[in-house]
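Keep in mind that the numbers below use all heavy atoms, side chains included, and drop hydrogens, waters and symmetry copies. Every value quoted in this text rests on a predicted model; they were computed, and no experiment measured them.
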Amino acid sequence: MRATRQHPRPPLPRRNVSIIGTGAYLPERVLTNADLEKMVDTSDEWIFTRTGIKERRIAAEGELTSDLGAAAARVALQNAGVDAREIDLIIVATCTGDTVFPSTACHIQHKIGATRAAAFDIQAACSGFLYSLITAEQFVASGVYDTVLVIGAEKLSSVVNWKDRNTCVLFGDGAGAVIVRSKEGCNGILASDLGSDGAQTDILSLPAGGCRMPITAQVLAEGKNYIQMSGKEVYRFAVNAMIRSSERTMELAGLKTEDIAWVIPHQANIRIINTVAERLEVPGERVYVNVHRYGNTSAACIPIAMHEASSAGQLKPGDAILMVAFGGGLTWASAALEWC
Ligand code: UT7
């Protein structure tokens with residue numbers, strides 16, 4: 001039978017979608033640049049001047065990505081005054097999940113007792129939190145779900161080659177979480193932009209472990225089970241993608257640079273952050289930075305930064321916030337939000 005083209009359904013009234021609570025969790029163990037000097041041929045001076053990183057957190061031996069995510073989720077729930085059984089959906093952004101399957105979201109659902117929730121992961125590397133937030137927005141805006149828990153959680157220390165100075169100095173472990181709901185009197189998410197360029201999958205990847213390159217003794221000997229990266233190419237891509245995506249989102253939201261109270265960027269490298277801020281003409285004091293303390297925690301960077309800024313009283317109701325990220329894929333994402 002020949003398929004006929006369906007008429008689009010008339011648009012449903014959309015609800016506003018806000019972040020009503022934030023949480024974060026950072027493992028206790030601190031790994032400083034001085035510690036790394038003893039592990040690879042590097043120096044505090046090189047790491048700090050090239051990246052802005054001073055130290056990062058490393059999860060304990062048996063501490064899993066789902067443990068980090070669950071801890072961040074509990075803080076976010078408490079912060080929002082929401083019970084775990086009220087959660088309709090859990091979305092976890094991670095590229096270092098506990099298991100290939102089931103999803104880390106399912107592991108977290110069990111750990112926090114969110115017995116009513118559906119749960120799945122989103123994989124967009126460091127852009128994953130914003131991809132997940134915008135996915136959550138669709139469910140809440142359409143009225144399908146009322147309460148969504150969005151988590152960015154990573155145990156990057158488990159996929160970093162601690163003998164490779166090009167990558168091991170950059171990454172850290174941690175988790176951030178937000179509770180997403182519709183809230184009376186707040187515009188919440190104003191606009192967003194998601195994108196990807198699958199022609200550049202190889203410049204930032206973890207090649208082994210999927211069906212393309214199953215784990216074998218040879219794969220392990222070649223270290224293909226660790227992050228591989230062409231730093232300079234990723235750097236160039238990051239700057240351009242973050243600027244273009246931010247501009248698109250600001251235009252869609254009808255915001256000018258001077259309207260933005262805070263930019264919360266992906267925390268990969270202070271030089272990338274500063275270049276993006278300069279090109280967008282956002283003064284440094286309106287850009288949230290914690291890369292010196294945690295390094296790059298991939299999908300966890302933005303929700304951790306948001307929780308810190310919110311807990312410190314830096315985000316005020318009505319503030320316009322611009323979040324922007326890039327990551328493996330290659331992917332990019334940005335979103336503008338009115339803080340509630
Ligand atoms: O979430 C996405 C994750 N990835 C990123 O964000 C990466 C983006 N890229 C970057 O942040 C930067 O490209 C890096 C920080 C990775 C590197 O900075 P760079 O200024 O692009 O340095 P480079 O790669 O050009 O390396 C310069 C030199 C090289 O030595 P030679 O060839 O000039 O002799 C490297 O071998 O620095 C050397 N080097 C190091 N030296 C000391 C590379 N890593 C280190 C290190 N310590 N850890």
query: When clusters are formed from ILVMFWY side-chain contacts under 4.5 Å, directly or step by step, what else is grouped with Ile20?
result: Leu77, Val82, Ile87, Ile90, Val92, Ile108, Ile112, Leu149, Ile151, Ile179

- prompt: With ILVMFWY side chains joined below 4.5 Å, transitively, what does Leu64's cluster contain besides itself?
  reply: none

Is the backbone N or O of [Y] less than 3.5 Å from a side-chain atom of [X], with the two atoms forming a donor-acceptor pair by type?
| X | Y | answer |
| --- | --- | --- |
| Gln138 | Ile134 | yes |
| Ser230 | Glu233 | no |
| Arg286 | Ala261 | no |
| Trp162 | Ser157 | yes |

message: Is there a side-chain contact between Ile91 and Leu89 in this structure, where contact means two heavy atoms from C-beta onward sitting under 4.5 Å apart?
response: yes

field: Side chain to side chain, Met229 and Ile203, heavy atoms closer than 4.5 Å
entry: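 No, side chains not in contact.
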
Residue pair Arg212, Asp202: steps toward the salt bridge (Lys or Arg N to Asp or Glu O under 4.0 Å) verdict: CA-CA 13 Å; Arg212 187 188 187 187; Asp202 288 338; 3.8 Å; yes

In plain terms, say whether [X] and [Y] are close enough for a salt bridge, that is, a side-chain N and a carboxylate O under 4.0 Å apart.
| X | Y | answer |
| --- | --- | --- |
| Lys183 | Glu338 | no |
| Asp67 | Arg74 | no |
| Asp193 | Arg244 | no |
| Asp41 | Lys163 | no |
| Lys256 | Glu258 | no |
| Arg293 | Glu308 | yes |

Distance-only donor-acceptor check, side chains [X] and [Y], under 3.5 Å:
| X | Y | value |
| --- | --- | --- |
| Thr99 | His107 | yes |
| His307 | Thr22 | yes |
| Arg56 | Asn33 | yes |
| Glu55 | Thr32 | no |

message: Walk me through whether Ser182 and Asn16 qualify under side-chain hydrogen bond (donor to acceptor under 3.5 Å, both in side chains).
response: CA-CA 5 Å; Ser182 184; Asn16 293 338; over 6 Å; no

message: My understanding is that only one of Asp88, Thr147, Asp146 makes a side chain to side chain donor-acceptor pair (under 3.5 Å) with Arg181; could you say which?
response: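 The passing option is Thr147.
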
field: Asp164/Thr167 under side-chain hydrogen bond (donor to acceptor under 3.5 Å, both in side chains): CA gap, chis, key distance, verdict
entry: CA-CA 6 Å; Asp164 175 13; Thr167 51; 2.9 Å; yes

query: Are the two sulfur (SG) atoms of Cys186 and Cys340 closer than 2.5 Å?
result: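 Yes, the SG atoms sit under 2.5 Å apart.
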
query: Could you state the interatomic distance from CD1 (Ile264) to CD1 (Ile304), rounded to the nearest 0.5 Å?
result: 12.0 Å

message: Under the side chain to side chain contact (heavy atoms under 4.5 Å, CB included) test against Val291, which residue among Lys54, Gln267, His266 passes?
response: Gln267

field: Identified side chain to side chain contact (heavy atoms under 4.5 Å, CB included) partner of Val263 from the options Val282, Thr257, Val276
entry: Val282

task: List for me each residue that meets disulfide (SG to SG under 2.5 Å) alongside Cys106, sequence neighbours excluded, and say none if there are none.
output: none

message: If you apply the rule side-chain hydrogen bond (donor to acceptor under 3.5 Å, both in side chains), what do you find for Glu154 with Ser298, and how did you get there?
response: CA-CA 7 Å; Glu154 303 281 10; Ser298 188; 3.1 Å; yes

task: Could you label the plane-to-plane angle of the Tyr145 and Phe139 rings as parallel, tilted or perpendicular, counting under 30° as parallel and over 60° as perpendicular?
output: tilted

query: More than 12 heavy atoms of other residues, nucleotides or ligands under 6.0 Å from CZ of Arg85: is that the case?
result: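 No, CZ of Arg85 has 12 or fewer neighbouring heavy atoms, counting only those of other groups under 6.0 Å.
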
